[in-house]
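Take a look at the structure set out below.
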There are 2 protein chains.
Amino acid sequence: MADTSESAQGDRVRQLEADARRSGMRITPHTTTIIQILDESTDHPTAEDIFERARERDPSISSASVYRILNKLEESDLVRRQRLDSDRFRYEIADECRHHLVDLDTGQVVGITDPEIDELKDKIAKRHGYEIVDFRLELFGRKTGGGS
Amino acid sequence: MADTSESAQGDRVRQLEADARRSGMRITPHTTTIIQILDESTDHPTAEDIFERARERDPSISSASVYRILNKLEESDLVRRQRLDSDRFRYEIADECRHHLVDLDTGQVVGITDPEIDELKDKIAKRHGYEIVDFRLELFGRKTGGGS
DNA sequence: TTAATTGCAAATGGTTTGCTTTTGC
DNA sequence: GCAAAAGCAAACCATTTGCAATTAA
């Protein structure tokens, strides 16, 4: 979650619901559940992860609904999906950072926000004569020093 | 191809065959065909692309063989595969650059080799306390100026 | 010789879709 | 009321795999 205070969490959920409604989605209980799970998750979950977490709160939800809701949220640019190391898509709220460091020992995915990344992007865009619409940096590695 | 002279091309094919043989592969006519196609391709082809190009030279080849040969070459670290924009893997010889700029209008994939990318990687690795084993930068954009 | 490779067809597995019923607004 | 969303099961489709026949070394 972007903010640790409870009200800010609720705010983000409410904001996302409002944005989703504005882009034509109906806010069903399932929709709210999925948005809440995304809001609470910091581990870049797969659709299956999200499905399992959603079932704990609402056992009637189907995986087809999870996929459909996630796709709608992505089409509305509220959620971003991308493949990291695995064959499955991982999902995260679109305002979160889009660059990742994957720990090869633990599978943990860490968001990267270093400002030099954008500077590099601008430099490359200029050099190659492109307007960059989207981009991502993916790193795979292991902890040094105290790490395993 | 990394070099434009014909002898250098043949050299790279021969080198890859030798490396493949050293890592336990048998060099069949299909293997040579796949390696030649990879050596000649600058467009980061998918397995299906490679299959089509291979069939023009040897109509008896099956897609299963293409996949198996590509997987063997990847296990030997002679070929790298990654997903860019599409659902399919794209393949390229491992000594080629691993960063890409995808033209959203044409689908063309351009290799990026700017040295600042490695500098940024080193900076981030140090900052986060990781040893980076692999990494990639993927950019999606459109040509500016004369572009559509 | 003999273990690796091949083609074919079937299996996999994450994601999507068709259909009918239910529901948000 | 009606278009959107739901569950279920079937369809998709890129990639993998089992098997029997072939082949590189």
Side-chain angles (χ1 to χ4, degrees), chain A residues 14 16-37 44-55 57-76 78-91 107, chain B residues 14 16-35 37 44-76 78-91 107:
Chain A
R14 263 177 257 121
L16 285 165
E17 286 180 344
D19 291 341
R21 190 178 288 110
R22 197 169 306 120
S23 73
M25 289 178 68
R26 283 187 189 167
I27 306 306
T28 68
H30 289 347
T31 312
T32 300
T33 299
I34 300 295
I35 290 177
Q36 284 174 345
I37 288 168
H44 312 268
T46 64
E48 197 188 344
D49 294 332
I50 295 167
F51 177 43
E52 284 170 10
R53 292 172 202 180
R55 257 206 302 206
R57 307 177 188 203
D58 180 353
S60 75
I61 196 171
S62 69
S63 69
S65 291
V66 172
Y67 278 109
R68 274 193 273 235
I69 290 169
L70 288 171
N71 285 344
K72 288 252 159 70
L73 291 171
E74 200 210 1
E75 285 161 24
S76 308
L78 301 174
V79 158
R80 180 170 48 242
R81 80 173 190 181
Q82 59 188 279
R83 300 189 196 262
L84 296 175
D85 50 324
S86 78
D87 286 343
R88 301 140 179 235
F89 286 112
R90 287 173 174 270
Y91 297 82
Chain B
R14 264 177 255 121
L16 284 166
E17 285 180 345
D19 291 341
R21 190 179 287 109
R22 196 170 304 120
S23 73
M25 289 178 67
R26 283 187 187 167
I27 306 307
T28 68
H30 289 346
T31 312
T32 300
T33 299
I34 299 295
I35 289 177
I37 288 169
H44 312 269
T46 64
E48 197 188 344
D49 294 331
I50 295 167
F51 177 44
E52 284 169 10
R53 292 171 202 181
R55 258 207 300 208
E56 290 170 9
R57 307 176 190 204
D58 179 354
S60 74
I61 195 169
S62 69
S63 69
S65 290
V66 172
Y67 279 109
R68 274 191 276 234
I69 291 169
L70 288 171
N71 285 344
K72 289 251 158 73
L73 290 171
E74 199 210 2
E75 285 161 25
S76 308
L78 301 175
V79 158
R80 180 171 48 243
R81 78 174 192 182
Q82 58 188 278
R83 300 189 195 264
L84 296 174
D85 49 322
S86 78
D87 286 342
R88 302 144 179 230
F89 286 111
R90 287 173 175 270
Y91 298 82

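Using a 4.0 Å cut-off, some side-chain N or O of B/Lys72 falls inside it from OP1 or OP2 of C/dT5. A/His30 has no side-chain polar atom (N or O) that falls below the 4.0 Å cut-off from OP1 or OP2 of C/dT23. For D/dT15, neither phosphate oxygen OP1 nor OP2 lies less than 4.0 angstrom from any side-chain nitrogen or oxygen of B/Asn71.
Nearest heavy atoms, A/Glu17 versus A/Ile27: O-CD1, 3.6 Å. When all heavy atoms of A/Phe51 and A/Ile61 are compared, the pair lying nearest together is CE1-O, 3.4 Å. Contact between B/Arg26 and B/Thr31 at its shortest, heavy atoms only, is O-OG1, 3.4 Å. Minimum heavy-atom separation, A/Val66 to A/Ala47: CG1-O, 3.9 Å. The two residues A/Leu73 and A/Ala20 make their nearest non-hydrogen contact at CD2-CB, 4.2 Å.
Summarising the geometry, the separation between CE on A/Met25 and C1' on D/dA6 is reported as 13 Å, rounded to the nearest angstrom. Protein atom CG of A/Leu70 is 15 Å distant from nucleotide atom P of C/dG14, rounded to whole Å. In this structure, B/Glu74 places its CD atom 12 Å from P of D/dT15, rounding to the nearest Å. Taking atom CD of A/Glu75 as the reference point, atom P of D/dA5 lies 10 Å away to the nearest angstrom. Following rounding to the nearest Å, B/Ile69 (CD1) and D/dT15 (P) show an atom-to-atom distance of 15 Å. As a whole-Å value, the separation of A/Arg21 CZ from C/dC25 C1' is 9 Å. When the P atom of C/dG24 is taken as reference, atom CZ of A/Arg22 falls 21 Å away, rounded to whole Å. Between the CD atom of A/Glu17 and the C1' atom of C/dG24 there is a distance of 13 Å, rounded to whole Å.
Side-chain proximity of B/Thr28 to the nucleotides D/dT15, D/dA24, D/dG7 is greatest for D/dA24.
Once rounded to the nearest 0.5 Å, the distance linking OG1 of B/Thr46 with OH of B/Tyr91 reads 8.5 Å. Atoms CD1 and CZ, on B/Ile34 and B/Arg57 in that order, are 9.0 Å from each other to the nearest 0.5 Å. Considering CD of A/Gln82 and CZ of B/Arg83, their distance stands at 13.0 Å, rounded to 0.5 Å. Taking CZ of A/Arg81 as the start and CG of A/Asn71 as the end, the distance is 5.5 Å to the nearest 0.5 Å.
Checked by distance alone, B/Arg68 brings a side-chain donor or acceptor within 3.5 Å of a matching partner on the base of C/dG7.
The closest donor-acceptor contact from the side chain of A/Asp19 to the backbone of A/Leu16 lies at 3.5 Å or more, if one exists at all.
Inter-axis angle, ends of the helix from C/dT1-D/dA25 to C/dC25-D/dG1, five pairs per end, rounded to 10 degrees: 40°.
Across residues 49-67 of chain B, B/Ala64, B/Tyr67 each have a non-hydrogen atom less than 4.0 Å from an atom of DNA chain D (numbered order).
Between B/Phe89 and B/Arg26, the one whose closest nucleotide on DNA chain D sits nearer the 5' end is B/Phe89.
No contact: A/Arg83 has no heavy atom under 4.0 Å from any strand. Nucleic acid contact for B/Arg88: sugar-phosphate only, since backbone atoms but no base atoms lie under 4.0 Å from a heavy atom of the residue.
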